[in-house]
Amino acid sequence: MPAYAVIGGQWGDEGKGKVIDYLAGKVDSVVRYAGGNNAGHTVVNDRGKFELHLIPSGICWEGVSGIIGNGVVVDPEGLLSELDGLGSRGVDTSLLYVSERAHVIMPYHIVLDELEEKAKGVNAVGTTGRGIGPTYVDKVSRVGIRIGDLLDIKGVLVPRLEQALSFKNALFTKVYEVEPVNLDDILAKCRVWADRLAPHIQPTEQIIQDLLAGDKSILLEGAQGTLLDVDHGSYPYVTSSSPSIGGACIGLGLNPQEIAGVVAVFKAYSTRVGSGPMPSELLGDFADELREKAHEYGTTTGRARRVGWFDAVAARYSRLVNGLTGMVLTRLDILDGFSAVKICVGYEVDGQRIDRFPSNTGLLERCQPVYEEHPGWDQPTASATDVSHLPANALSYVRRIEELVGCQIQIISTGPSREETILVHEIIPG
Ligand code: IMP
């Protein structure tokens with residue numbers, strides 16, 4: 001059986017957790033391939049509300065395994081507290097596997113994330129402060145520590161940590177003028193992590209290959225969003241991994257030919273957390289109203305999210321970068337009751353119309369949105385479970401987004417729970 005991917009089409013927080021949970025009952029395994037516990041995926045099911053940062057959202061389904069691939073960076077403290085939280089609510093986590101090749105977010109990466117952000121001053125990225133960037137930097141600099149290293153403390157971990165700390169401590173003491181990190185303190189933590197995580201640490205590339213060869217299906221769970229991709233996003237205001245579909249092949253050891261469908265999740269409007277350009281951003285009273293109505297505050301950091309209208313230029317770019325086979329539109333219900341809704345259909349810079357998402361961040365910052373206004377709807381879309389239940393104006397809004405992006409909307413989400421979903425077209429057959 002092939003793999004199907006559900007990824008973020010915008011700046012993250014599109015509602016991927018709910019969509020993955022909705023689809024996970026149809027697959028054998030749900031797999032994360034990039035990012036770390038900077039993500040925040042919310043799942044609401046009959047057992048209540050779950051906020052997951054690292055563990056794939058499919059874990060809430062019995063018998064569905066969860067895989068954290070080599071492309072993910074893992075904070076062992078965060079992982080253990082998530083495992084404990086799920087365990088205390090009766091969720092079976094024995095089928096969670098973590099790639100031995102995944103890199104470890106060490107306590108010094110978290111300190112470094114904060115120091116670097118402070119040093120950047122007004123140019124700070126507005127990271128989640130989880131040590132994501134510094135961990136990926138170490139991976140590429142070849143001084144990172146991998147989860148598998150925890151299982152060979154004397155032979156691999158100690159020499160690698162000694163090397164890493166010689167660089168880090170020079171940086172801490174000479175550049176940032178803060179206290180150095182103590183090797184024994186870190187080793188003590190590593191021993192605890194190794195004991196508890198050992199049963200979960202596995203060669204996940206092999207597990208994935210065996211699943212696919214055994215006619216099992218897997219769902220790839222994207223984190224963050226395409227516009228935060230380190231290559232394809234609004235650099236440098238991006239995360240340090242590849243949330244777009246290319247990241248899945250690298251971050252799992254997966255042959256691209258195995259991926260039968262790539263679906264991106266989009267909110268019916270836009271949000272962004274942290275710094276960086278957002279052409280269709282709304283400011284003022286209406287933005288506050290939208291933010292409060294939608295409760296747009298970060299699952300991971302609690303920060304207020306910036307809000308804006310749906311940006312069809314950025315969405316079209318996302319479609320192209322990922323070769324999307326479908327879209328999911330979430331939070332349509334949030335737009336219920338507005339007298340009018342707008343879609344950004346182009347940008348204007350220095351009197352020139354632009355229909356493409358520019359790579360030059362300075363230019364993107366100067367882009368003014370060109371809007372198309374649509375009449376709103378009074379009848380609720382909230383909790384609708386069939387397209388025929390949607391008010392006519394809501395349906396034409398959905399159809400217009402499809403037309404502008406050039407991609408079919410396969411699921412519409414009309415509320416946080418599994419049931420509040422309109423399945424327009426099957427994403428995973430069978
Ligand atoms: P980092 O991933 O913590 O390094 O943060 C880099 C940028 O990505 C910041 O603007 C964050 O707010 C943003 N970011 C990271 N993870 C998420 C997410 O899951 N949702 C939304 N934004 C995120």
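Order of appearance sets the numbers: ligands from 1, and atoms from 1 within every ligand. All residue numbers refer to positions in the sequence shown, counting from 1.
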Hey, mind stepping through Arg272 and Ser234 against side-chain hydrogen bond (donor to acceptor under 3.5 Å, both in side chains) and telling me if it holds?
-> CA-CA 12 Å; Arg272 176 166 198 166; Ser234 45; 3.1 Å; yes
Residues passing the salt bridge (charged side-chain N to carboxylate O under 4.0 Å, His left out) test with Asp75, sequence neighbours excluded, are none
Is the NZ or CZ atom of Arg418 both under 6.0 Å from the centre of the six-membered ring of Trp61 and within 45° of that ring's axis?
-> yes
Quick one: do Arg400 and Ile343 satisfy side-chain contact (heavy atoms from CB on, under 4.5 Å)? Show the steps, please.
-> CA-CA 9 Å; Arg400 184 63 181 141; Ile343 303 176; 4.0 Å; yes
Member of Arg331, Arg306, Arg303 meeting the salt bridge (Lys or Arg N to Asp or Glu O under 4.0 Å) criterion with Glu296 = Arg331
Atom pairs, nitrogen or oxygen, ligand 1 to protein, under 3.5 angstrom:
{"unit_1": "ligand 1", "atom_1": "2 (O)", "unit_2": "Asn38", "atom_2": "ND2", "d": "2.9"}
{"unit_1": "ligand 1", "atom_1": "2 (O)", "unit_2": "Thr239", "atom_2": "OG1", "d": "2.6"}
{"unit_1": "ligand 1", "atom_1": "3 (O)", "unit_2": "Thr128", "atom_2": "N", "d": "2.8"}
{"unit_1": "ligand 1", "atom_1": "3 (O)", "unit_2": "Thr128", "atom_2": "OG1", "d": "2.6"}
{"unit_1": "ligand 1", "atom_1": "10 (O)", "unit_2": "Val273", "atom_2": "O", "d": "3.2"}
{"unit_1": "ligand 1", "atom_1": "12 (O)", "unit_2": "Gly126", "atom_2": "O", "d": "3.3"}
{"unit_1": "ligand 1", "atom_1": "12 (O)", "unit_2": "Val273", "atom_2": "O", "d": "3.1"}
{"unit_1": "ligand 1", "atom_1": "12 (O)", "unit_2": "Arg303", "atom_2": "NH2", "d": "3.0"}
{"unit_1": "ligand 1", "atom_1": "16 (N)", "unit_2": "Gln224", "atom_2": "NE2", "d": "3.2"}
{"unit_1": "ligand 1", "atom_1": "19 (O)", "unit_2": "Asn38", "atom_2": "O", "d": "3.3"}
{"unit_1": "ligand 1", "atom_1": "19 (O)", "unit_2": "Gln224", "atom_2": "NE2", "d": "3.4"}
{"unit_1": "ligand 1", "atom_1": "20 (N)", "unit_2": "Asp13", "atom_2": "OD1", "d": "3.0"}
{"unit_1": "ligand 1", "atom_1": "20 (N)", "unit_2": "Asp13", "atom_2": "OD2", "d": "3.4"}

Dump the intermediate steps for ring-ring contact (aromatic ring centres under 6.0 Å, His included) on Phe286 and Phe338, then the final yes or no.
-> CA-CA 10 Å; Phe286 184 70; Phe338 291 138; 5.0 Å; yes
